[in-house]
Amino acid sequence: MFDDYLSWKPFFDIVPLQEGDCRAASELHGQRFARQWNDGEISGLLLQPGVFGFAAFQTNAFFSRPLGGFVLSREVAGEAEILTIAVTEKVARSGLGWRLMQAALREAVERGAETMFLEVEENNRAAVGLYQRLGFQQVARRPAYYASADGTRSAALVMRRDLR
Ligand SMILES: CC(C)(COP(=O)(O)OP(=O)(O)OC[C@H]1O[C@@H](n2cnc3c(N)ncnc32)[C@H](O)[C@@H]1OP(=O)(O)O)[C@@H](O)C(=O)NCCC(=O)NCCS
């Protein structure tokens, strides 16, 4: 019994992000980004043409169905982009970001995308590592693109991956 407890780990289902998930997604966004997107902003995006998302819900929690992560993406005229992705810190580095990105990549292909773009802060090791591992390559660098609360600035990398 105690052994079971020690080996317990959360399991997640990846499902399409629905309007009713936007509040939880906004909370998670606020935990992982300096400027939180509120639920209205997220649901507003979700209603735009070509926008889709996926959510990772824990399936073995005792009393609830916690959101472990989500991704928002857009496909227009054969080009897809990642609008945002976040995974809760508690389950970081357990493969959820990878699974969410795979879901977004698959859906983008289904919708006819031939290429996917994203933008990421150069110093964001976790995200850059994830994207590189998924085959994204840097195609542009925008110096001093992001400003942090203490006034320091950092570069944005534009990354791209073929989907065909
Ligand atoms: C970026 C983020 C989504 C990654 O999610 P995650 O679930 O922790 O990532 P995964 O466990 O799926 O990792 C997949 C691969 O990404 C890379 N990676 C993930 N975290 C990493 C880290 N801290 N350092 C270096 N590489 C990392 C690794 O290659 C990893 O594979 P490995 O564990 O087999 O080595 C997550 O860190 C996050 O939500 N960050 C805050 C929000 C954010 O920065 N979003 C991206 C904005 S562009």
Side-chain angles (χ1 to χ4, degrees), residues 7-17 21-39 41-42 44-46 48 50-61 65-76 79-109 113 115-150 152-163:
S7 63
W8 187 88
K9 61 173 186 169
F11 289 105
F12 292 91
D13 260 357
I14 309 285
V15 295
L17 185 73
D21 305 326
C22 290
R23 180 166 298 206
S26 166
E27 273 169 28
L28 175 45
H29 191 275
Q31 289 161 19
R32 303 307 317 258
F33 291 97
R35 209 221 26 103
Q36 178 175 11
W37 290 2
N38 65 42
D39 49 342
E41 286 174 276
I42 295 178
L45 277 171
L46 206 50
Q48 284 182 17
V51 175
F52 58 90
F54 291 93
F57 284 107
Q58 191 178 339
T59 53
N60 62 341
R65 202 169 146 258
L67 180 70
F70 76 101
V71 61
L72 259 186
S73 182
R74 170 162 42 211
E75 189 280 324
V76 177
E79 263 189 21
E81 63 178 317
I82 296 295
L83 300 173
T84 194
I85 178 170
V87 166
T88 178
E89 211 155 10
K90 270 187 277 181
V91 294
R93 205 73 193 254
S94 61
L96 215 48
W98 175 268
R99 289 177 62 197
L100 286 162
M101 282 296 297
Q102 292 289 356
L105 286 161
R106 258 195 312 271
E107 179 66 21
V109 169
T115 182
M116 183 178 267
F117 287 91
L118 57 84
E119 202 176 82
V120 58
E121 188 181 348
E122 184 175 51
N123 302 329
N124 187 341
R125 284 189 50 221
V128 172
L130 170 64
Y131 302 143
Q132 282 175 339
R133 194 153 170 237
L134 283 160
F136 284 85
Q137 288 180 334
Q138 181 182 330
V139 290
R141 182 175 184 275
R142 298 179 178 143
Y145 189 75
Y146 296 107
S148 63
D150 66 6
T152 55
R153 302 193 76 89
S154 55
L157 305 181
V158 180
M159 302 182 86
R160 174 186 175 280
R161 195 196 120 154
D162 272 332
L163 301 180

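These numbers come from a predicted model, not from an experiment. Each ligand, and each atom within it, is numbered from 1 in the order the structure gives.
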With sequence neighbours left out, the residues meeting salt bridge (charged side-chain N to carboxylate O under 4.0 Å, His left out) with E81 are R74

So the salt bridge (charged side-chain N to carboxylate O under 4.0 Å, His left out) pairs with at least one residue in residues 139-148 (sequence neighbours excluded) are E119-R142, E122-R141

Please verify the inter-ring angle class for H29 with W37; under 30° counts as parallel, over 60° as perpendicular, anything in between as tilted.
parallel

Please tabulate, for side-chain N and O atoms in residues 126-139, each donor-acceptor pair with protein atoms closer than 3.5 Å (sequence neighbours left out).
none

Quiz item: Would N38 and Q36 count as having a side-chain donor-acceptor pair, cut-off 3.5 Å?
Solution: no

Is the backbone of S26 close enough, under 3.5 Å, to the side chain of D39 for a donor and an acceptor to pair up by distance?
no

The answer, listing residues by chain and number that come under 4.0 Å of ligand 1 through any heavy atom, is R32, F33, I85, A86, V87, A92, R93, S94, G95, L96, G97, W98, E119, V120, N124, R125, A126, A127, G129, L130, Y131, R133

